[in-house]
Amino acid sequence: MTIRIGIIGVGVMGADHAHTLDRYVNGAEVTAIADVNAASANTVAAQLRSARVVDDAHALIAADDVDAVIIAAHDSTHAALTLAAIDAGKPVLCEKPLAPTVAEARSVCAAEKRTGRSLISVGFMRRFDPSYVDLRRSVTSGELGEVLVAHCVSRTVEAHPDGDSASTVTNSAIHELDVMPWLIGSPIAEVSWHAGRSSRHAGRRIDPQILVMRTESDVLITVEVFLNAQYGYDTRCEVVGEEGVAALTLPSTVVTDRGRARSLTYPADWRPRYADAYREQLCEWVRALETGRAPRLATAEDGLRAAIVAEAVIESMTHEGQVIPVAYDRETIGA
C-alpha cells in the first residue's frame, strides 16, 4: 500500500520533508505540493519523482490523489489548515507549533475528538532523535536515581528578522516545552521568563532568553534559548540525578587535529543535527497510516499542552519574570 502525501509549504522544512519522503521512506509518495511561492513549489516538485503543484492549500487537502497531509506553512496557518484536513477526514502531520495560541490549539483538539479518530500528529521530532531516546532511557531506567534538575541549551546561527520575543517561545523554545515533560515524565507546573543584556544581532526580539520551569514532580529545568548565537546550531541537554548525570553529546562526527589545536564543526541549521529524527518520525507516521493504527508521534493534545506552557511563559515575559502557574484544561487533555 502506498500512502499518497500532499505537502503544504515547501520552505526549508517542507522541502526537507518532501525529499526525505521521496528518498528514504518506503510506502510513501509525495503526490501534491502547495505553497504561496509558486516558484518554490515548482522547484521542489521538479526534484521529486511524481509530485504536481496545486495552486491552493485547500484544494490540495481535498484532492483525490492525497491520502494524508503535511503542514509546513507559516505558523499562523497551522490551525486553519489542520481543521480543514480534519473536515476532509485525512490524517495530518502538522509541524510545530500545532497553533500559535491556546484557543486555536484547543479548537483543533476539540475538532479531532468529535471525529473519534486519531487524525493529528505534531512534528515534535526530538522524541525520535536517537540521543534524546537514549537520554530518556537513562532517566526512566532509574540509573541516575531521582532526577533533581535539568539544563537545556538551544542556539541557532541567526533568527528570522521579523520575529519578536514571543515567537522565540512559540516557534523555538516550544521544542523544550514538549520534550522535557516527555523526558522527565512529569508535566510542567510553573514557569518564569528571564533576560539580561540582549545581543546586538537580536533585531526586535530579546535574545538570549532564559526560561525556568518546575515540573509537577518538583524537578527544576533551565532553558537557554539563543537564536542569534552566530557560531552554529547547537542543542544541549543535561539531566542531573541523585546518583549520576546524563547529557547529550555534541553531534559532530569528525574532530580535526591541526596546528596544535583540536576542533569540530557545527551545522548551520537544525537539519543535519536532526536528520535521523525527521526520517524516523516520517517512517513511523507512514507505517502507522499503512496499518491503520495511531502513530507514535506527538498528538494534538501534546501540541495543546505545549501551547498552554508557552502562553504561561509569555505571560511571565510581560509581567517582569513573575512565576506563572500552568493551568491545564484537565478535562480536555488529561494533564
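Both backbone and side-chain heavy atoms feed into the values below; hydrogens, waters and symmetry mates do not.
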Problem set entry | Sequence neighbours excluded, every pair satisfying salt bridge (Lys or Arg N to Asp or Glu O under 4.0 Å) that has a member inside residues 182-205 | E190-R214
Can you name the nearest heavy-atom pair linking [X] to [Y], along with the distance?
X    : Y    : result
D207 : L227 : OD1-N, 2.9 Å
S217 : I184 : OG-CG2, 4.3 Å
C237 : C152 : SG-SG, 4.0 Å
A105 : A307 : CB-CB, 4.2 Å
V147 : V139 : CG2-CG1, 3.9 Å
A173 : L211 : CB-CD1, 3.9 Å

Does a side-chain N-to-carboxylate-O contact under 4.0 Å join [X] and [Y]?
X    : Y    : answer
R155 : E224 : yes
R137 : E143 : no
E284 : R296 : yes
D65  : R52  : yes
E301 : K113 : yes
K90  : D67  : no
D16  : R271 : no

Would you confirm whether [X], through its side chain, and [Y], through its main-chain N or O, come within 3.5 Å as a donor-acceptor pair?
X    : Y    : answer
Q230 : N228 : yes
R117 : E112 : no
Q209 : S165 : yes
D22  : A18  : no
S198 : I206 : no
K96  : N171 : yes
S186 : E216 : yes
N37  : S40  : yes
S316 : Q322 : yes

Side-chain contact, heavy-atom cut-off 4.5 Å: [X] with [Y]?
X    : Y    : value
R136 : V133 : no
T299 : V122 : no
L83  : S107 : yes
V30  : I7   : yes
Q281 : C283 : no

Shared ILVMFWY cluster between [X] and [Y], side chains joined below 4.5 angstrom?
X    : Y    : result
W285 : V92  : no
V179 : W270 : yes
F226 : I210 : no
L93  : V66  : no
L304 : I174 : yes

Problem set entry | Plane angle bin for Y274 and Y132 - parallel if under 30°, tilted between 30 and 60°, otherwise perpendicular | parallel
For this session: Say whether T101 and E104, considering side chains only, have a donor N or O and an acceptor N or O under 3.5 Å apart.
Result: yes
Exercise. Would D134 and S131 count as having a side-chain donor-acceptor pair, cut-off 3.5 Å?
Worked result: no
For this session: Given side-chain contact (heavy atoms from CB on, under 4.5 Å), test V240 with V149 step by step and report yes or no.
Result: CA-CA 5 Å; V240 181; V149 298; 3.6 Å; yes
Determine the sole option in [options] for which the side-chain contact (heavy atoms from CB on, under 4.5 Å) test with [X] is passed.
X    : options          : answer
V239 : L144, V219, L148 : L144
L98  : D75, V108, I71   : V108
L177 : T170, V169, I188 : V169

Spatial distance of atom [atom1] ([X]) from atom [atom2] ([Y]) [nearest 0.5 Å]:
X    : Y    : atom1 : atom2 : answer
H17  : I33  : NE2   : CD1   : 12.5 Å
T253 : L250 : OG1   : CG    : 12.0 Å
R23  : L48  : CZ    : CG    : 8.5 Å
I3   : I5   : CD1   : CD1   : 7.0 Å
S172 : H160 : OG    : NE2   : 14.0 Å
I8   : H74  : CD1   : NE2   : 15.0 Å

State whether the number of non-hydrogen atoms from other residues, nucleotides or ligands found under 6.0 Å of [X] atom [atom1] is greater than 12.
X    : atom1 : answer
D257 : CG    : yes
D162 : CG    : yes
R293 : CZ    : yes

For this session: Let me see the working for D234 and R236 under salt bridge (charged side-chain N to carboxylate O under 4.0 Å, His left out), right down to the final yes or no.
Result: CA-CA 7 Å; D234 189 4; R236 307 183 189 192; 2.7 Å; yes
For this session: Kindly write out the residues that satisfy salt bridge (charged side-chain N to carboxylate O under 4.0 Å, His left out) with D129, not counting sequence neighbours, or none if the list is empty.
Result: R273
For this session: Tell me, with the steps shown, if L21 and I70 meet side-chain contact (heavy atoms from CB on, under 4.5 Å).
Result: CA-CA 11 Å; L21 287 164; I70 291 177; 3.6 Å; yes
For this session: Evaluate side-chain hydrogen bond (donor to acceptor under 3.5 Å, both in side chains) for S76 paired with H78, printing each intermediate quantity in order.
Result: CA-CA 6 Å; S76 62; H78 287 190; over 6 Å; no
Problem set entry | D178/R305 under salt bridge (charged side-chain N to carboxylate O under 4.0 Å, His left out): CA gap, chis, key distance, verdict | CA-CA 8 Å; D178 171 73; R305 287 186 187 93; over 6 Å; no
For this session: Could you walk me through whether I86 and T115 pass side-chain contact (heavy atoms from CB on, under 4.5 Å), step by step?
Result: CA-CA 8 Å; I86 292 171; T115 70; 3.7 Å; yes
Exercise. Under the side-chain contact (heavy atoms from CB on, under 4.5 Å) criterion, do V191 and V309 qualify, and how do the steps go?
Worked result: CA-CA 8 Å; V191 299; V309 178; 3.9 Å; yes
